[in-house]
4 protein chains.
Amino acid sequence: MCRVEKAKPVGRPPNTATSAALKEAALRLMRENGFRKVSITDIASAAGVARQTLYNRWKTKADLVLKAVFEETALVAAEPDAAGEESCRVQLERFLSNVFRHVERDGDAMRSLIAAAQEDEAFQEEFRTRFILPREEMVTGLLRRAQERGEIGRNRDPELLSTLIHGAMWYRMLNGQVVGSAFAHDIVEEVFRS
Amino acid sequence: MCRVEKAKPVGRPPNTATSAALKEAALRLMRENGFRKVSITDIASAAGVARQTLYNRWKTKADLVLKAVFEETALVAAEPDAAGEESCRVQLERFLSNVFRHVERDGDAMRSLIAAAQEDEAFQEEFRTRFILPREEMVTGLLRRAQERGEIGRNRDPELLSTLIHGAMWYRMLNGQVVGSAFAHDIVEEVFRS
Amino acid sequence: MCRVEKAKPVGRPPNTATSAALKEAALRLMRENGFRKVSITDIASAAGVARQTLYNRWKTKADLVLKAVFEETALVAAEPDAAGEESCRVQLERFLSNVFRHVERDGDAMRSLIAAAQEDEAFQEEFRTRFILPREEMVTGLLRRAQERGEIGRNRDPELLSTLIHGAMWYRMLNGQVVGSAFAHDIVEEVFRS
Amino acid sequence: MCRVEKAKPVGRPPNTATSAALKEAALRLMRENGFRKVSITDIASAAGVARQTLYNRWKTKADLVLKAVFEETALVAAEPDAAGEESCRVQLERFLSNVFRHVERDGDAMRSLIAAAQEDEAFQEEFRTRFILPREEMVTGLLRRAQERGEIGRNRDPELLSTLIHGAMWYRMLNGQVVGSAFAHDIVEEVFRS
DNA sequence: GACTAACCGAGACGGTACGTCGTGTCTTAGT
DNA sequence: ACTAAGACACGACGTACCGTCTCGGTTAGTC
C-alpha cells in the first residue's frame with residue numbers, strides 16, 4: 001500500500017501575509033488605474049515588498065492578478081445549486097443579475113484581463129480554464145435543466161445559448177456600455193420566449 | 001475681402017506612398033506578431049521610414065492600425081443593399097459568413113484592437129464609432145426589415161438581437177475559438193426560429 | 001582618383017555638453033567614492049541625464065571613465081621634449097615628481113582603473129595601449145638618451161629599468177603608500193648610481 | 001576561584017570538512033573564472049553547502065579567498081633559511097624564480113585579490129599584513145645579508161630595492177605580461193651589478 | 001540516554017544595480 | 001514643409017547578487 005506523502009517543504013516558508021498584501025495591492029491598483037497602467041514596481045512598493053518577492057511567487061503581473069481575482073470570485077460565483085420549485089428562468093435571471101452587478105464593480109479589471117489575454121497565449125489558456133469555462137457551464141447546466149423541465153424547447157442548443165448570453169455581456173462590457181438587471185431581464189425574455 | 005476657403009498648403013506635401021508603406025507594414029507586422037509585440041520603431045523601419053514620419057500622420061500606433069484596417073475592410077463590409085426577393089434570413093446568414101471569413105484572417109488584428117481599446121478611452125471611442133456601430137447597424141437594419149416582412153415577430157428587439165449576434169462572435173473570437181459558416185448558420189437558426 | 005570623404009553624419013548630433021557633463025560627473029564621483037562604489041545610475045543622475053544616454057556613448061562605466069581620464073591627462077603628460085643642456089637625470093626626476101604629484105590627486109581613480117582592468121580583458125587592453133604604454137615609452141626614451149649621453153652604462157636595459165620604475169610606483173600606490181618627490185629622488189639615485 | 005581559560009564551546013562544532021570544501025571550491029572557481037565573476041552563491045553551491053554556512057565562517061568572499069590562498073601558499077613561500085655558502089645573489093634568483101613560477105599558476109587569483117583590495121580598506125590591510133609584508137621582508141632580509149657579505153654596496157637601500165623588485169613583478173603581472181625565470185635573472189643582474 | 005546549543009541545508013526577503021526596450025519629443029541636415 | 005536619422009528623458013522590464021532572516025532537521029558533547 002502506498003500513501004502519497006505530501007512533499008515536505010524545506011527552507012523558510014513564504015510569508016502568507018506578504019502574498020496577501022501583494023494580491024490586495026494588485027487588485028486595488030488595478031481597479032483604480034487599469035491593468036496596463038499599473039507596473040510591477042507599483043504593486044510591489046504599494047505592498048511594501050521587494051520586487052523580487054513578487055517574481056518569486058508569480059511569473060508575471062497577469063499571473064498575479066489572475067490568481068488574486070480567482071480567489072476573490074471563487075466565493076462570489078458559488079453555484080446557485082438550484083433546488084426547489086423555482087423556475088429555471090427566474091434562477092437564470094437572478095444569476096445574471098448577480099454577475100452583472102459584480103461586473104459593475106470589477107468590470108474594468110475584467111476588461112483589462114480580457115485584453116491581456118489577447119496578447120498572451122498561456123494567460124489566455126489559464127483565464128479560460130479557471131474563469132470562463134466554469135461560468136459557462138453554470139449557464140449551460142441551468143439551461144439543460146430548463147430543457148428537462150420543458151421551460152425551453154428540445155430543439156434549442158444550450159451551449160449556443162450560453163455563448164449568446166455571455167457574448168452579449170462581453171460585448172456590452174468591452175464597449176463601455178452598462179450591463180444591469182434590465183439587460184439581464186431582456187436577455188432572459190429573449191431566451192425563454194416561446 | 002478675402003476669405004481663405006481652404007488652407008492652401010505650402011511646402012513639400014506628404015508623400016502618399018510613404019503612408020501606404022507604413023499602413024502596409026503595420027498590418028503585415030501586426031498579423032505576424034500581434035499588436036503588442038510590434039513596436040512603432042519596428043513599423044517605421046519595416047517601411048523604411050523615420051519614426052517621426054509616423055508621428056506626423058497618426059497620433060499613436062493604435063491610430064495608425066485602426067485607419068489601416070478601416071481602409072482595408074471598407075470594401076469588404078460593403079452593405080448587401082438588400083434588394084430583391086431574397087429573404088432577410090438568407091441575407092443575414094451570408095453577411096455573417098462573410099464577416100466570419102474575414103475574422104478568420106484578421107481575427108488576431110481585431111483581437112489586438114479590441115484589447116488596445118480597453119486601455120485607451122479615445123481609441124475606444126473612435127473604434128466604436130467607425131468600426132463597431134456601422135456593423136451593428138447593418139445587422140439591426142436587416143433585422144428591422146425582417147420584422148417588417150414578418151420573418152421575425154413584432155415583439156422581438158432588433159438591437160438586443162444584434163448585441164447577441166455580435167457578442168457571440170466576439171466571445172468566440174476573444175476566446176480563441178473558431179468562427180465559421182456553421183456558427184453563422186446556428187446563430188441565424190436560433191434568431192429566426194418561430 | 002579616390003578621395004576619402006569623411007563620413008557625413010546624419011541625424012541629430014550628440015550634445016557635447018551632455019558628454020562633458022557625464023565625464024565630469026564620472027570623474028568627480030569616482031574621486032569621491034571610488035570606481036566600484038559609483039553606479040551608472042549615480043553618474044547619469046549627477047549629470048542630469050537619462051541612463052540610456054550614457055549607454056549610447058560608452059559601452060561600460062569603465063569605458064566612460066577611461067576616456068574621461070585620458071582627456072584630462074592628455075595635456076598633463078605632455079612630453080618634456082627634452083631639449084637643451086639639462087641632464088637626463090634631472091629630467092627624469094622632474095618627470096617622476098610630476099607624475100607622482102598627479103598620482104597624489106588621482107591615485108584613487110587610477111587604483112580603481114587598474115583594479116577594473118584585472119576583471120576585463122578588453123578594458124585592460126585599451127588601458128594598456130592608451131595609458132600605460134605611452135608613459136612607459138617616455139621613460140624608456142629618456143633612459144635611452146641618457147645612455148647615448150653616457151649618463152648610464154651601455155650594459156643597462158632601459159626597458160627593464162622602466163619596468164622597475166613604474167613597478168615601484170604601482171606597488172606603492174596599490175598598497176596605499178605615499179609616492180612623493182622624495183621617492184622620485186631615491187629611485188633616480190638608484191638608477192643613476194655609477 | 002574560577003577563571004575561564006578558554007571559552008569552552010558547547011553544542012555541535014563546525015564541520016571542518018565543510019570549511020575545506022568551501023575553500024577548495026572558492027579557489028577552483030576563482031582560478032577558472034576570476035574573483036569578480038564568481039558569486040558567493042556559486043561557491044556555496046559548488047561546495048554543496050548553504051550560503052549562510054559561508055557567512056558563519058568568513059565575513060566576505062574576499063575574506064574566504066584570502067584565507068584559502070594563505071593556507072595554500074604558506075608552505076610554498078617557506079623561507080629559504082639561507083644557510084651555507086650559497087651567495088645571496090643565487091638565493092635571490094632562486095627565490096624569485098619560485099615565486100614567479102607560482103604566479104604563473106595563481107597569477108589570476110592574485111590579480112583578483114589585488115583588485116579587490118583596491119575597493120576595500122579592511123581587506124587591503126589584511127592582505128598587506130598577512131601576504132605582502134612577509135614576502136617583502138624575505139627579500140629585504142636577503143638583501144641586508146648580501147650587504148653584510150659585501151655582495152652589494154653599503155650605500156644601497158634594501159627596502160627601496162625590495163620595492164623595485166616586487167613592483168616589477170606586480171607591474172608585469174597586472175599588465176598581463178609573463179613573469180618567468182628569465183625576468184628573475186634580469187632583475188637580479190640589475191640589482192647586483194657593481 | 002535525554003537535553004540542548006550550535007550547526008547546516010534550503011529558501012524567503014528587502015535592497016541595489018544592471019543592461020535592454022519602447023515611447024514620445026527634440027534637433028539637425030538634406031530634399 | 002517634409003523627410004531621414006538619430007539624440008534624449010522617462011519609465012518599465014526581468015535578472016543577478018548581496019546580506020539577513022527564518023524554518024526544520026541534525027549532531028556532538030555535556031548532564
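Letters A, B, ... are given to chains in the order of the sequence lines, protein chains preceding strands, and every chain is numbered from 1.
Remark: A/G48, A/V49, A/A50, A/R51, A/Q52, A/T53 in residues 35-56 of chain A come within less than 4.0 Å of DNA chain E through at least one heavy atom. Non-hydrogen atoms lying under 4.0 Å from DNA chain F are contributed by nothing in residues 19-31 of chain C.
E/dG11 atom C1' lies 9 Å from atom CZ of A/R12, rounded to whole Å. In this entry the distance linking NZ of A/K59 with P of F/dC13 reads 17 Å, nearest Å. If you take CG of C/N15 and C1' of E/dT25, they are 15 Å apart, rounded to a whole angstrom.
Looking at C/L113 and C/F131, their side chains never come closer than 4.5 Å, going by heavy atoms from C-beta outward.
Heavy-atom nearest nucleotides on DNA chain F were determined for A/T60 and for A/V10, and the one closer to the 5' end corresponds to A/T60. Position along DNA chain E of the nearest nucleotide to B/K61 versus D/P14 favours D/P14 as the more 5'-ward residue.
Sorted by first and then second residue, the salt bridge (Lys or Arg N to Asp or Glu O under 4.0 Å) pairs involving residues 22-33 of chain C (not counting sequence neighbours) are C/K23-C/E71, C/E24-C/R28, C/R28-C/E32, C/R31-C/E72, C/R31-C/D106. Screening residues 44-55 of chain C for side chain to side chain donor-acceptor pair (under 3.5 Å) gives C/Q52-C/N56 as the qualifying pairs, with residues at least two apart or on separate chains.
Every residue meeting the side-chain hydrogen bond (donor to acceptor under 3.5 Å, both in side chains) condition with A/S39, not counting sequence neighbours, appears here in chain and number order: A/D42. Applying the side-chain hydrogen bond (donor to acceptor under 3.5 Å, both in side chains) test to C/T129 and every residue at least two apart in sequence or in another chain returns C/E125.
Aromatic ring orientation, A/F35 versus A/F123: tilted (interplanar angle from 30° to 60°).
In this structure a side-chain-to-backbone donor-acceptor pair under 3.5 Å is missing from A/Q118 to B/I114.
Side-chain contact of D/R57 with D/S19: a donor-acceptor pair under 3.5 Å is present, judged by distance alone.
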